[in-house]
Student: 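Encoded as structure tokens, here's the structure I'll be asking about.
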Amino acid sequence: MPGAGASKHTDPSFLTLLLQDHIGGLQVPYHDQWADVPSLTGGLVVNIGDFLKIASNDKFKSVDHRVLANHNGPRVSAVCFFTGVAVPPKIYGPIKELTLKSEENPPVYKDFLVEIFNGSFTEIPSNIEKEEGELSPNNDFYEVNCAHIRRNQKPPGPCTLQDRWL
Ligand SMILES: O=C(O)CCC(=O)C(=O)O
Ligand SMILES: [Fe+2]
């Protein structure tokens with residue numbers, strides 16, 4: 001039985017670039033089953049992560065994936081996460097141009113800092129400079145909802161990034 005190198009998860013990044021060796025093991029859901037992502041010599045896998053899902057206001061979905069280890073022998077992969085910037089603090093959220101003028105596409109997520117996303121803060125500290133109009137109304141309170149900063153939804157409970165891994 002192959003062991004689970006990484007259980008089902010999405011990446012907490014904008015994009016992830018991934019190079020896996022000839023052993024393979026990366027899988028994505030396809031037609032209600034797990035499908036192997038074939039390893040291509042010199043080919044990179046590009047995963048959409050949670051940050052891009054939030055920035056696009058759910059237009060893009062972050063991809064579920066998992067890794068089977070000891071599939072056909074030891075495997076090596078190189079992974080590069082393009083994440084948000086924590087220092088200096090920067091406010092992230094759905095891209096305003098996508099949501100502000102559109103009644104049909106209201107923001108699904110609250111604005112947040114990387115620390116909020118990671119679960120270390122629950123509110124944007126008052127000493128962070130907010131640019132004029134950067135925060136939308138009713139956005140003064142922030143809930144940590146796992147990696148997802150959804151509006152109008154109660155957090156399901158504490159969740160750390162480590163919870164994503166077996
Ligand atoms: O090793 C891999 O192919 C993927 C690893 C992965 O999903 C991750 O580091 O988030
Ligand atoms: Fe991943």
Side-chain angles (χ1 to χ4, degrees), residues 1-95 98-99 105 107-122 124 142-166:
M1 275 286 283
S7 56
K8 176 183 158 188
H9 67 283
T10 56
D11 290 339
S13 55
F14 281 104
L15 288 174
T16 304
L17 293 190
L18 198 153
L19 179 70
Q20 58 171 352
D21 65 9
H22 63 286
I23 296 292
L26 179 65
Q27 294 189 320
V28 290
Y30 186 70
H31 289 292
D32 297 327
Q33 287 184 5
W34 285 104
D36 291 327
V37 176
S39 53
L40 294 173
T41 307
L44 292 174
V45 175
V46 182
N47 280 347
I48 290 177
D50 297 337
F51 256 82
L52 186 48
K53 174 182 154 82
I54 293 169
S56 75
N57 206 37
D58 275 353
K59 265 219 153 35
F60 297 127
K61 307 292 179 200
S62 43
V63 63
D64 279 326
H65 54 287
R66 71 175 188 180
V67 179
L68 298 184
N70 307 320
H71 196 44
N72 292 316
R75 82 187 279 273
V76 176
S77 65
V79 186
C80 181
F81 299 106
F82 291 87
T83 59
V85 174
V87 182
K90 182 172 163 18
I91 295 171
Y92 292 94
I95 294 169
L98 291 178
T99 58
N105 191 25
V108 179
Y109 300 96
K110 300 177 182 188
D111 293 333
F112 62 94
L113 299 171
V114 167
E115 284 89 345
I116 291 173
F117 187 81
N118 292 342
S120 351
F121 293 163
T122 52
I124 292 186
Y142 301 83
E143 287 169 343
V144 177
N145 179 6
C146 194
H148 301 278
I149 295 85
R150 270 191 187 278
R151 287 165 173 272
N152 307 322
Q153 196 176 301
K154 281 221 150 119
C159 171
T160 66
L161 294 185
Q162 281 72 30
D163 291 341
R164 295 156 174 265
W165 302 91
L166 280 185

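One-based numbering, in listed order, for ligands and for the atoms of each. This structure is a prediction, so every number in the text was calculated from the model and none was measured.
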Student: Suppose I only count heavy atoms of Phe81 and a 4.0 Å limit; which atoms of ligand 1 are within that range?
Tutor: 8 (C), 9 (O), 10 (O)
Student: Among side-chain atoms of Thr99 and Asn57, is any donor-acceptor pair under 3.5 angstrom?
Tutor: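 Side chains of Thr99 and Asn57: no pair found under 3.5 Å.
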Student: Report, in ascending order of atom number, the atoms of ligand 1 lying under 4.0 Å from any heavy atom of Ser77.
Tutor: 1 (O), 2 (C), 3 (O)
Student: Identify, by name, the N, O or S atom of His65 lying closest to the Fe ion (ligand 2).
Tutor: NE2
Student: Counting only heavy atoms not in Lys61, do more than 12 fall under 6.0 Å of its NZ?
Tutor: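 More than 12 within 6.0 Å, yes.
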Student: Answer yes or no on whether Lys53 is positioned over the face of Phe51, meaning its NZ or CZ is under 6.0 Å from the six-membered ring centre and within 45° of the axis.
Tutor: no
Student: By the definition side-chain contact (heavy atoms from CB on, under 4.5 Å), identify the one residue from Val63, Leu18, Leu40 that meets it with Val45.
Tutor: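 So the option named by the test is Leu18.
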Student: Indicate the atoms forming the closest heavy-atom contact of Arg75 with Leu68, along with that distance.
Tutor: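 It is CD-O, 4.0 Å.
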Student: Between the Fe ion (ligand 2) and Asp11, which N, O or S atom of the residue is the nearest one?
Tutor: OD1
Student: Quick one: look at Thr16 and ligand 1, take heavy-atom pairs under 4.0 Å, and tell me if it's side chain, backbone, both or neither.
Tutor: neither
Student: Could you tell me whether ligand 1 has any atom less than 4.0 Å away from a heavy atom of Arg66?
Tutor: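 Under 4.0 Å: no for Arg66.
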Student: Regarding ligand 1, does Gln20 bring an N or O atom to under 3.5 Å of one of the ligand's N or O atoms?
Tutor: no
Student: Out of Asn47, Thr10, Asp11, which residue meets the side chain to side chain donor-acceptor pair (under 3.5 Å) rule with Thr16?
Tutor: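 Option passing the side chain to side chain donor-acceptor pair (under 3.5 Å) with Thr16: Asp11.
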